[in-house]
Trainee: 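Mind having a look at this structure? Questions to follow.
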Amino acid sequence: MAKDPVEANELPAEERIKGFQEAVRGYSQEEAISEASRCLQCKNPACITGCPVNIDIKKFIWQLSKHNYAGAYFTIRLMNNFPSICGRVCPAEYQCRKACVLNKNKSSYASFEAINIHFLERFIGDYGMRNNLEPKVEKHPKFSGLKVAVVGSGPAGLCCAGELAREGIKVTVFESLQSCGGVLGYGIPSFRLPRDILAAEINYLSKLGVEFRTNFLVGKTITLKELFAQGFNKIFLGLGAGVPGFLGIHGENFCNIYSANEFLTRINLMSADKFPRYHTPVNIGAHVLVIGGGNTALDAARCAVRLQKINALRPDVQIVYRRTEAELPARRFEIKHAQEEGVRFKFLTQPQEFLGDEDGFVQKLKCLNCQLGDADASGRKRPVAIKDSDFELDCDLAVVAIGLEANQILTGLTPDLVTDKYKDIIVNPENMETSLKNVFAGGDIVGGEGTVIEALGMAKKAARAMIDNS
Ligand code: FAD
Ligand code: SF4
């Protein structure tokens, strides 16, 4: 008889919302082995094609099932530099798990039966980290004089830096924020990605000789031309998509209306949850609205619940979304967690206008009901506002989480760097080189908002091209 999938341990929701400790506790060794033993070791493993970087999933699961944890770790590391991170944040249900032959739901995302590949990857990644397993460093003398500048320390920048440093190339990472990690540090909350995992990855890169220069905005502080003049032979741009989109509706400038980026940065990077011990508060209120339906909106809503709880308020957080639950772009896993933690969803609702008090603080959000119309260019059904259906929602803090755009500071100051209509950098997909010779790019600044694993895939390709042509 087929075995049931092994679910990973989770903290109960009422415990989770008391703070920012990790919500999902992962597998024990026995649970990992048991889940690995469900894998059919398919002749044509569809899971591998479902993975954006084609990890040999079948092989690593086999090694794991035979207790060869180190072997499984190195199988994953061939394609993915950060298994502990990706095992926690990869939207596996839309990728490898969706493709798994055991998935009974062939339409949009993986069903319960698909192998929990992400939890197995996490188990192996954590094993590798605990046991200081690292791929061989082969510093080639021919690279000893080579210097590469990596701009941006998100997953793309960190991955590129690691690939180059392991070959003996001298790498300096320039980061405009005060600490490294990009979205992994300022965006994804620690209840999904504990910060010691990110710190361990950055620490490993430092040990490899990578130099990190924070509070350094390339473009303003130094131009690309000046970097070359300072002796850098090649440059990698991992600038991300850090500019928040806004609704453009009346009243959006009232106090206590945040972009998701600012809200999450205040909490994740500047410890707003520990105010007044740290000096960056979030003026959390009794009625919080988060507008949007992606991972960013879910992260903001779950942070808001925790801040309310920490401030002895009864959690009252609603996600306002123009379509229905079926169209929510966020991970199913995160939607379930948010619901368990008390986040409510107001579907088929279109924001019209924020209303405020005489001191300029937001009080209400005026909305219209919607219905779904024909599919739009993305294939999702278009929300159509229903005339005269307006109503108001109480709101003393709002977070706008409706998408992110390219950060244009550097590209705007580098006219020869060719971008597309969205201001994303155009690259040669074969080697990730931009219109400027010896300047490469990858991650969200190429092709727009994506995923961590996609950023890693692009960075690896760029690093390989830099190494091969040096
Ligand atoms: P980023 O992570 O954005 O890093 C870019 C870095 O470059 C930043 O640190 C920025 O400060 C720096 N920078 C920019 N310009 C300059 C400059 N001129 N000089 C110096 N430094 C500069 N993906 C998933 O796979 N799973 C998830 O669960 C998930 N959740 C997410 C939740 C949130 C809240 C957000 C915002 C995104 C999420 N994503 C998720 C998407 C994922 O995080 C991104 O696809 C990924 O981080 C992109 O990596 P990157 O290195 O290209 O850019
Ligand atoms: Fe195992 Fe599923 Fe991959 Fe088949 S498709 S090898 S069952 S993980």
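Worth knowing before you read on, the calculation uses all heavy atoms, side chains too, and leaves out hydrogens, waters and symmetry mates. Just so you know, ligand 1 is whichever comes first in the structure, and atom 1 is the first atom listed for that ligand.
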Trainee: Ignoring hydrogens, what is the shortest heavy-atom contact between Asn103 and Ser111? Give both atom names and the distance.
Mentor: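 Between these two residues, the closest heavy atoms are OD1-N, 2.7 Å.
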Trainee: What is the nearest protein non-hydrogen atom to atom 4 (O) of ligand 1, stated with its residue, atom name and distance?
Mentor: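 Nearest neighbour among protein heavy atoms for atom 4 (O) of ligand 1, to 0.1 Å: Gly154 CA, 3.4 Å.
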Trainee: Would you check if Asn261 and Arg266 make a side-chain contact, meaning some heavy-atom pair closer than 4.5 Å?
Mentor: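 The answer is no, as the side chains (C-beta and beyond) never meet within the 4.5 Å cut-off.
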Trainee: Strictly by modelled atom types, are Ser259 and Glu262 linked by a side-chain donor-acceptor pair under 3.5 Å?
Mentor: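 There is no such pair (donor and acceptor under 3.5 Å, judged by atom type) between the side chains of Ser259 and Glu262.
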Trainee: Could you check whether any side-chain heavy atom of His337 comes within less than 4.5 Å of a side-chain heavy atom of Val24, counting everything from C-beta outward?
Mentor: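 In contact.
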Trainee: Is the charged tip of Arg306 near the ring of Phe191: under 6.0 Å from the six-membered ring centre and within 45° of its axis?
Mentor: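 Yes - Arg306 lies over the ring of Phe191, closer than 6.0 Å to its centre and within 45° of its axis.
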Trainee: Determine whether the side chains of Asn81 and Lys460 contain a donor N or O and an acceptor N or O closer than 3.5 Å.
Mentor: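 There is such a pair (donor and acceptor under 3.5 Å, judged by atom type) between the side chains of Asn81 and Lys460.
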Trainee: List every atom of ligand 1 that sits less than 4.0 Å from any heavy atom of Leu177, numbering the atoms from 1 in the order shown and giving each element.
Mentor: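 Every atom of ligand 1 under 4.0 Å from some heavy atom of Leu177: 11 (O).
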Trainee: Is Leu264 close enough to touch ligand 1? Criterion: a residue heavy atom under 4.0 Å from a ligand atom.
Mentor: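 So Leu264 counts as touching ligand 1.
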Trainee: Using distance alone, determine whether Gly450 and ligand 1 share an N or O pair under 3.5 Å.
Mentor: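 In this structure, Gly450 places an N or O atom under 3.5 Å from an N or O of ligand 1.
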Trainee: Any non-hydrogen atom of Ile409 lying under 4.0 Å from ligand 1?
Mentor: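 No; Ile409 lies far enough from ligand 1 that no heavy-atom distance drops under 4.0 Å.
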Trainee: For Cys42, take its heavy atoms, then give the atoms of ligand 2 lying under 4.0 Å from any of them.
Mentor: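 Counting atoms of ligand 2 from 1, those under 4.0 Å from Cys42 are 4 (Fe), 5 (S), 6 (S), 7 (S).
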Trainee: Which of the numbered atoms in ligand 1 are below 4.0 angstrom from a heavy atom of Gly182?
Mentor: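 Counting atoms of ligand 1 from 1, those under 4.0 Å from Gly182 are 2 (O), 4 (O), 8 (C), 9 (O).
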Trainee: Pairs of nitrogen or oxygen atoms closer than 3.5 Å, one from Val218 and one from ligand 1: do any exist?
Mentor: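 Checking ligand 1 against Val218, an N or O pair does fall under 3.5 Å apart.
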Trainee: Quick one, Ile453 and Asn80 - any side-chain contact, counting heavy atoms below 4.5 Å?
Mentor: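 Heavy-atom side-chain distance check passes, below 4.5 Å.
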Trainee: Any heavy-atom pair between the side chains of Gln95 and Cys90 that's under 4.5 Å?
Mentor: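 Yes, their side chains come closer than 4.5 Å.
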Trainee: Checking a contact table here: which protein heavy atom is nearest atom 37 (C) of ligand 1, and how many Å away?
Mentor: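 Of every protein heavy atom, Val183 CG1, 3.4 Å lies nearest to atom 37 (C) of ligand 1.
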Trainee: Residue-level breakdown please: for Asp444 versus ligand 1, do any non-hydrogen atoms fall below 4.0 Å on the side chain, on the backbone, on both, or on neither?
Mentor: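 For Asp444, backbone and side-chain atoms both sit under 4.0 Å from ligand 1.
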Trainee: Looking only at protein heavy atoms, identify the closest one to atom 7 (S) of ligand 2 and say how far it is in Å.
Mentor: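 Protein heavy atom at minimum distance: Leu40 N, 3.4 Å.
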Trainee: What part of Pro91, side chain, backbone, both or neither, has a heavy atom within less than 4.0 angstrom of ligand 1?
Mentor: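 Answer for Pro91: side chain.
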Trainee: Is the shortest heavy-atom distance from the side chain of Leu413 to the side chain of Lys220 under 4.5 Å?
Mentor: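 Answer yes - side chains close enough.
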Trainee: Give a yes/no verdict on whether any heavy atom in Leu404 is under 4.0 Å from an atom of ligand 1.
Mentor: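 For ligand 1, residue contact (heavy atoms, under 4.0 Å) with Leu404 is present.
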Trainee: With heavy atoms of Ile188 as the reference, note each atom of ligand 1 found under 4.0 Å away.
Mentor: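 Going through ligand 1 atom by atom, the ones under 4.0 Å from Ile188 are 29 (C), 30 (N), 31 (C), 32 (C).
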Trainee: Considering only protein heavy atoms, which is closest to atom 51 (O) of ligand 1, and at what distance to one decimal place?
Mentor: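 Checked against all protein heavy atoms, atom 51 (O) of ligand 1 sits closest to Ala156 N, 3.0 Å.
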Trainee: At under 4.0 Å between heavy atoms, is it the side chain or the backbone of Pro155 that contacts ligand 1, or both, or neither?
Mentor: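 Both backbone and side chain.
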Trainee: To check your reading of the model: name the closest protein heavy atom to atom 15 (N) of ligand 1, its residue, and the distance in Å.
Mentor: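 Atom 15 (N) of ligand 1 sits closest to the protein heavy atom Asn407 ND2, 3.6 Å.
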Trainee: Examine Lys66 relative to Trp62 and say whether NZ or CZ is less than 6.0 Å from the centre of the six-membered ring and inside a 45° cone about the ring axis.
Mentor: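 Yes, Lys66 and Trp62 form such a contact.
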Trainee: What protein heavy atom lies closest to atom 7 (O) of ligand 1? Include the residue and the distance to one decimal.
Mentor: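 Residue, atom and distance for the closest contact: Gly152 CA, 3.2 Å.
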Trainee: For ligand 1, which atoms have a heavy atom of Thr296 less than 4.0 angstrom away?
Mentor: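 Taking each heavy atom of Thr296 in turn, ligand 1 has 33 (C), 34 (C), 35 (C), 36 (C) under 4.0 Å.
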Trainee: Nearest to atom 2 (Fe) of ligand 2, what protein heavy atom do you find, and at what distance?
Mentor: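 Closest protein heavy atom to atom 2 (Fe) of ligand 2: Cys100 SG, 2.4 Å.
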Trainee: Decide yes or no on salt bridge (Lys or Arg N to Asp or Glu O under 4.0 Å) for Glu334 and Arg192, but give the supporting numbers first.
Mentor: CA-CA 9 Å; Glu334 308 300 343; Arg192 286 213 289 132; 3.4 Å; yes
Trainee: Decide if the gap between the ring center of Phe123 and the ring center of Tyr27 is smaller than 6.0 angstrom.
Mentor: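 Centroid distance Phe123-Tyr27: not below 6.0 Å, so no.
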Trainee: Any nitrogen or oxygen of Glu175, main chain or side chain, under 3.5 Å from a nitrogen or oxygen of ligand 1?
Mentor: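 N/O-N/O distance under 3.5 Å: yes.
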Trainee: For atom 3 (Fe) of ligand 2, what's the nearest protein heavy atom and its distance?
Mentor: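 The closest one turns out to be Cys47 SG, 2.3 Å.
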Trainee: Below the 3.5 angstrom mark, is there an N/O of Ile453, backbone or side chain, next to an N/O of ligand 1?
Mentor: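 No; every N/O pair is 3.5 Å or more apart.
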Trainee: Going by the atom numbers of ligand 1, which of them fall below 4.0 Å from some non-hydrogen atom of Val151?
Mentor: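 Going through ligand 1 atom by atom, the ones under 4.0 Å from Val151 are 17 (C), 19 (N), 20 (C).
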Trainee: I need the contact type for Arg192 against ligand 1. Using non-hydrogen atoms and a strict under-4.0 Å cut-off, is it side chain, backbone, both or neither?
Mentor: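 It is the side chain that gets close, since no backbone atom is under 4.0 Å.
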Trainee: Can you check whether Ile267 reaches Pro189 side chain to side chain, under 4.5 Å on heavy atoms?
Mentor: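 Side chain of Ile267 against side chain of Pro189, heavy atoms only: no contact under 4.5 Å found.
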Trainee: Is there at least one pair of N or O atoms, one from Gly157 and one from ligand 1, spaced under 3.5 Å apart?
Mentor: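 Not met; the criterion fails.
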Trainee: Which ligand 1 atoms does Phe174 reach within 4.0 Å, using its non-hydrogen atoms?
Mentor: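 Checking each atom against Phe174, I get 20 (C), 21 (N).
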Trainee: Heavy-atom contacts with Asp299 under 4.0 Å: which atoms of ligand 1 show up? List them by number with element.
Mentor: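 With Asp299 as reference, the close atoms of ligand 1 come out as 32 (C), 33 (C), 34 (C).
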Trainee: Examine Arg331 against ligand 1 and note whether any of their N/O atoms are separated by less than 3.5 Å.
Mentor: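 Not met; the criterion fails.
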Trainee: Look at atom 27 (C) of ligand 1 and say which protein heavy atom is nearest, naming residue and atom and giving the distance to 0.1 Å.
Mentor: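 Atom 27 (C) of ligand 1 sits closest to the protein heavy atom Val89 O, 3.4 Å.
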Trainee: Verify salt bridge (Lys or Arg N to Asp or Glu O under 4.0 Å) between Arg166 and Glu163, making sure each step is shown before the conclusion.
Mentor: CA-CA 6 Å; Arg166 267 203 301 277; Glu163 292 289 299; 2.7 Å; yes
Trainee: What atoms of ligand 1 come closer than 4.0 angstrom to any heavy atom of Ala455?
Mentor: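 Per the distance check, 49 (O).
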Trainee: Can you confirm whether Leu365 sits close enough to Ile249 that some side-chain heavy atom of one is under 4.5 Å from a side-chain heavy atom of the other?
Mentor: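 With C-beta onward as the side chain, the pair touches.
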Trainee: Among protein heavy atoms, which lies nearest atom 21 (N) of ligand 1, and at what distance?
Mentor: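 Result: Ser176 N, 3.1 Å.
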Trainee: If we only count heavy atoms from C-beta on, is the Glu35 to Pro5 side-chain gap below 4.5 Å?
Mentor: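 Yes, at least one pair of side-chain atoms sits under 4.5 Å.
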Trainee: Which atoms from ligand 2 have a heavy atom of Cys39 less than 4.0 Å away?
Mentor: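 The atoms of ligand 2 under 4.0 Å from a heavy atom of Cys39 are 1 (Fe), 6 (S).
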Trainee: Less than 6.0 angstrom from the centroid, inside 45 degrees of the normal: does Arg213 satisfy that with respect to the ring of Phe174?
Mentor: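 Checked: cation-pi criterion not met.
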Trainee: Any salt bridge between Asp126 and Arg88, counting N to O under 4.0 Å?
Mentor: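 Yes, charged N to carboxylate O under 4.0 Å.
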Trainee: I'd like to know if Arg380 and Glu327 make a salt bridge, using a cut-off of under 4.0 Å between side-chain N and carboxylate O.
Mentor: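 No.
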Trainee: Answer side chain, backbone, both or neither: which part of Leu239 comes under 4.0 Å from ligand 1, heavy atoms only.
Mentor: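 It is both parts that get close, each with some atom under 4.0 Å.
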Trainee: Can you see whether Phe232 has Lys147 sitting over its ring - NZ or CZ less than 6.0 Å from the centre and within 45° of the normal?
Mentor: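 Pair Lys147/Phe232 counts as cation-pi.
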Trainee: Provide, to 0.1 Å, the distance between atom 25 (O) of ligand 1 and the closest protein heavy atom, together with that atom's residue and name.
Mentor: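 Result for atom 25 (O) of ligand 1: Val452 N, 2.9 Å.
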Trainee: Please work out, at 4.0 Å between heavy atoms, whether the side chain, the backbone, both, or neither of Leu217 comes within that distance of ligand 1.
Mentor: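 Within the 4.0 Å criterion, Leu217 contacts ligand 1 through backbone and side-chain atoms alike.
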